[in-house]
Undergrad: 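If you scroll down you'll find the structure; I have some questions about it.
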2 protein chains.
Amino acid sequence: MNDSVVEIGSRAGALPPATARLSDVAAHAGVSTKTVSRVVNNEPNVRPQVRERVMLSVVTLGYRPNAAARALVTQRTHQIGLITTASSLYGPTAGLFSLEQAAWKAGYALTLTTVREPSEGELAEAIRYLLARGVEGVIISGATGVLHLAPSALAGMPVVSTSPVSDAAPNHVVVDTDQSMGARAAVRHLYDLGHRRIAHIAGPLSWHAAVQRRDGWLRGMKDAGLEPGPVVEGDWSAKSGHEAAFSLDRAEVTAVFVANDHMAMGAIRAFTEKGIQVPGDMSVVGFDDVPEAAYQMVPLTTVRQDFVAGAERSVRELVQLIENQPIETTSIYLPTELIVRDSTASVIALDTA
Amino acid sequence: MNDSVVEIGSRAGALPPATARLSDVAAHAGVSTKTVSRVVNNEPNVRPQVRERVMLSVVTLGYRPNAAARALVTQRTHQIGLITTASSLYGPTAGLFSLEQAAWKAGYALTLTTVREPSEGELAEAIRYLLARGVEGVIISGATGVLHLAPSALAGMPVVSTSPVSDAAPNHVVVDTDQSMGARAAVRHLYDLGHRRIAHIAGPLSWHAAVQRRDGWLRGMKDAGLEPGPVVEGDWSAKSGHEAAFSLDRAEVTAVFVANDHMAMGAIRAFTEKGIQVPGDMSVVGFDDVPEAAYQMVPLTTVRQDFVAGAERSVRELVQLIENQPIETTSIYLPTELIVRDSTASVIALDTA
DNA sequence: TATCGGGTTGACAGCGTTGTCAGACTGAGA
DNA sequence: TCTCAGTCTGACAACGCTGTCAACCCGATA
């Protein structure tokens, strides 16, 4: 007895390669498997002395519970699936790690799945895949327009997504930042600076987020009594922002609301190439507030999203769904924040120039 | 019989909510569970007629195999764990999705884990966590200096990482881009442009990648017979690049090799603020080739890494390790590519200016 | 017709764990 | 000392699947 204590204390070298089972621990400690199970799961009704002896055996044998066996009998896997678009866009990515941390804290593991294109077919395949892995709920992030999820494919599984779903599913919550409000704030900001002709460089309109931002811009223009300027559709990339900006005419437009920061960077670059100064001749507002936005040659005015908060909220809602706790609402929209930097300026300055 | 065929054909409405078991399918098809198992697993020795009947029952009942039960009996989970740093840095992130796709293709699911700080303790915790989840191998990405992995913690589990491991473990392969060579190429490029006083803005030197790039720069300087300029350590962020650049003296230095693109962006911004033109007065080379690097106000000369190739290779090696196939080498270094754009210029132009 | 061999099928055990339930043990009170 | 309630402990079945092995069927051959 004392010997083994010493051995543990000194972190005896190699652990047994083949992992011990509950019954091995039981034999080693001289108790039943059930008692070991109780100790391992921190259940009550075990004499402290026995508990200690069992724990010692657990450590000595390097016992680790077998997740599959446990899942089989408890019918719980404590796994949640994440479906996201396979692109290193800042948005979907930024939330990813917060998602994992939140899931970890809640006692769940994250299984990752990607879809190239958020088509109904690919989505269904991803869901099947996760279902087969035994996940207890799914988070659908970033991608896609309104989701068309065959309810049968989901089999009643809890889902949290950033996009709304066509058929109102029973176990579904939408958690997203309030894209539309963010866009309206951007327009308002430009309006307050005296801009009246404001264009929009949109994201790919197959994305719900892109539609939301465009609609927010439209709404903002209408609210201000302005005629919406031209809209050009990009694909979120700096490259596409660069191209889009080339098609914008300085005579028609004094400001652009761009659907994300990377396109905004491309746009600013394009304006510069055309001899249009930002913000002197043209104001630009981005969206996302990527970390490097503040350190561009022209620090970017942009709309900040709180991806961390979104991720945490998503996990919270999903876990509530999984554990059958009551949920308050089925759609949650998180606030955005306008960050004013140097890429926007008063139109007065322009006119006097 | 015909009835059910029709029902299937018309995609009869709601599927049963509780998922059917193998025995249910067996009963429905009038065969043994073993036969259903054979059909589901595509094993031979089942009469085509029976096979079809079983498949029909599978579809009718909406049967999905129970992963836990399967894992329990086969002792295989087909899950691999990913440990990565919880930051939306471009590098670790860019490979993530390729990793998932490669794993999917190889028939494995990815379980995600993050560590805040790649300390020995956090790493051990993450490994324990993954082990408890039953992963068959682990990929450690991005983070950290030389890994100190207690072999006991790993319990002989296959590991692929981007950083080398202190104790040579038996089941371990390193897959990384050849950071050092990339850095040397950058220095060489600056040298060829006539630069002789070249500084370095390094990443956090707790990162293996940062050390590699700094050492590559040092080596490149030595190879060219140059005295290494000052080194300033950043934290990968644009902000830190901005700060670092402020401490660099134009009188001492005509070029900077920056350890990643985002710091390079911050540095360029800082130089501009100080009235130092890039590339006129100062050449800057980045590292990574982030998508927006080409669309900066000063398009960035940088060293491109192929994250996709790295991810695919990592999965390939890990799967080989898991499936006990022979591996060729225990460390693999992928090539980089120098992308020359506008942030570097000949030093001649500088002198004449 | 009897025998043989291949393809096909099913009975049964077992993977490692937890839930159920009955039994054993304990100390307090009569 | 005996009873009783409460605490502790273990035997056993079950979770859903696959591996093993024996049994069966069939046509071909002797």
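Each chain gets a letter, A, B and so on, in the order the sequences are listed, and its residues count up from 1. Quantities reported herein were computed from a predicted structural model and do not represent experimental measurements.
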Undergrad: Taking only N and O in the side chain of A/N45, is any of them less than 4.0 Å away from OP1 or OP2 of D/dT9?
TA: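 Answer no for this pair, as no side-chain N or O of A/N45 is under 4.0 Å from OP1 or OP2.
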Undergrad: C/dT18, D/dC17, C/dG16: which one has an atom nearest the side-chain heavy atoms of A/S37?
TA: C/dT18
Undergrad: For the residue pair A/P158 and A/L321, what are the closest heavy atoms and their distance?
TA: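 Heavy atoms only, the tightest pair is CB-CB, 3.7 Å.
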Undergrad: Counting just side-chain N and O atoms, does A/T35 come under 4.0 Å of either OP1 or OP2 of D/dG10?
TA: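 Result: yes.
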Undergrad: Just to be sure I understand the rule, does B/N66 reach a base, reach only the sugar-phosphate, or reach nothing, if contact means heavy atoms closer than 4.0 Å?
TA: sugar-phosphate
Undergrad: In terms of the nearest nucleotide of DNA chain C, which residue is placed more toward the 5' end: A/E43 or B/T74?
TA: B/T74
Undergrad: With a 4.0 Å cutoff (strictly under), does any side-chain N or O of A/Q75 reach OP1 or OP2 of D/dA14?
TA: no
Undergrad: Atom CG of B/L72 to atom P of D/dA14: distance rounded to whole Å?
TA: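 After rounding, the gap between these two atoms is 17 Å.
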Undergrad: For the pair B/S37 (side chain) and B/T33 (backbone), establish whether a donor and an acceptor sit closer than 3.5 Å, ignoring hydrogens and angles.
TA: no
Undergrad: Is it true that a side-chain atom of B/S32 and a backbone atom of B/T35 form a donor plus acceptor pair closer than 3.5 Å?
TA: yes
Undergrad: Can you work out whether B/S23 or A/R47 has the more 5'-proximal nearest nucleotide on DNA chain D?
TA: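 Its nearest nucleotide being more 5', the pick is A/R47.
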Undergrad: Between B/Y63 (OH) and D/dT18 (C1'), how many Å, whole number?
TA: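 So the OH-C1' distance, B/Y63 to D/dT18, works out to 10 Å.
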Undergrad: Using whole Å, what does the distance between atom C1' of nucleotide C/dG19 and atom NZ of A/K34 come to?
TA: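 My rounded result for the distance is 6 Å.
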Undergrad: Between B/R133 (CZ) and C/dG16 (P), how many Å, whole number?
TA: 20 Å
Undergrad: Decide, yes or no, whether a salt bridge links A/E317 with A/R313 under the criterion of side-chain N to carboxylate O below 4.0 Å.
TA: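 A salt bridge is present here (some side-chain N lies under 4.0 Å from a carboxylate O).
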Undergrad: On the nucleotide D/dA11, are OP1 or OP2 found under 4.0 Å from the side-chain N or O atoms that A/S32 carries?
TA: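 Negative; the distance criterion is not met.
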Undergrad: Nearest whole angstrom, please: distance from the C1' of C/dG16 to the CG of A/L22.
TA: 7 Å
Undergrad: Rounded to the nearest Å, what distance is computed from the CG atom of residue A/D24 to the P atom of nucleotide C/dC15?
TA: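 My rounded result for the distance is 11 Å.
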Undergrad: D/dC15 C1' sits how many Å from B/R64 CZ, rounded?
TA: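 Atom CZ in B/R64 sits about 17 Å away from atom C1' in D/dC15.
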Undergrad: Between the base of C/dG19 and the side chain of A/R38, is there any donor-acceptor pair under 3.5 Å?
TA: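 It does not, because no donor-acceptor pair links the side chain of A/R38 to the base of C/dG19 below 3.5 Å.
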Undergrad: Give the minimum heavy-atom separation between A/G137 and A/L318, together with the two atoms involved.
TA: C-CD2, 4.0 Å
Undergrad: What is the nucleic acid contact for A/P65, judged by heavy atoms within less than 4.0 Å: base, sugar-phosphate only, or nothing?
TA: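 Sugar-phosphate contact only.
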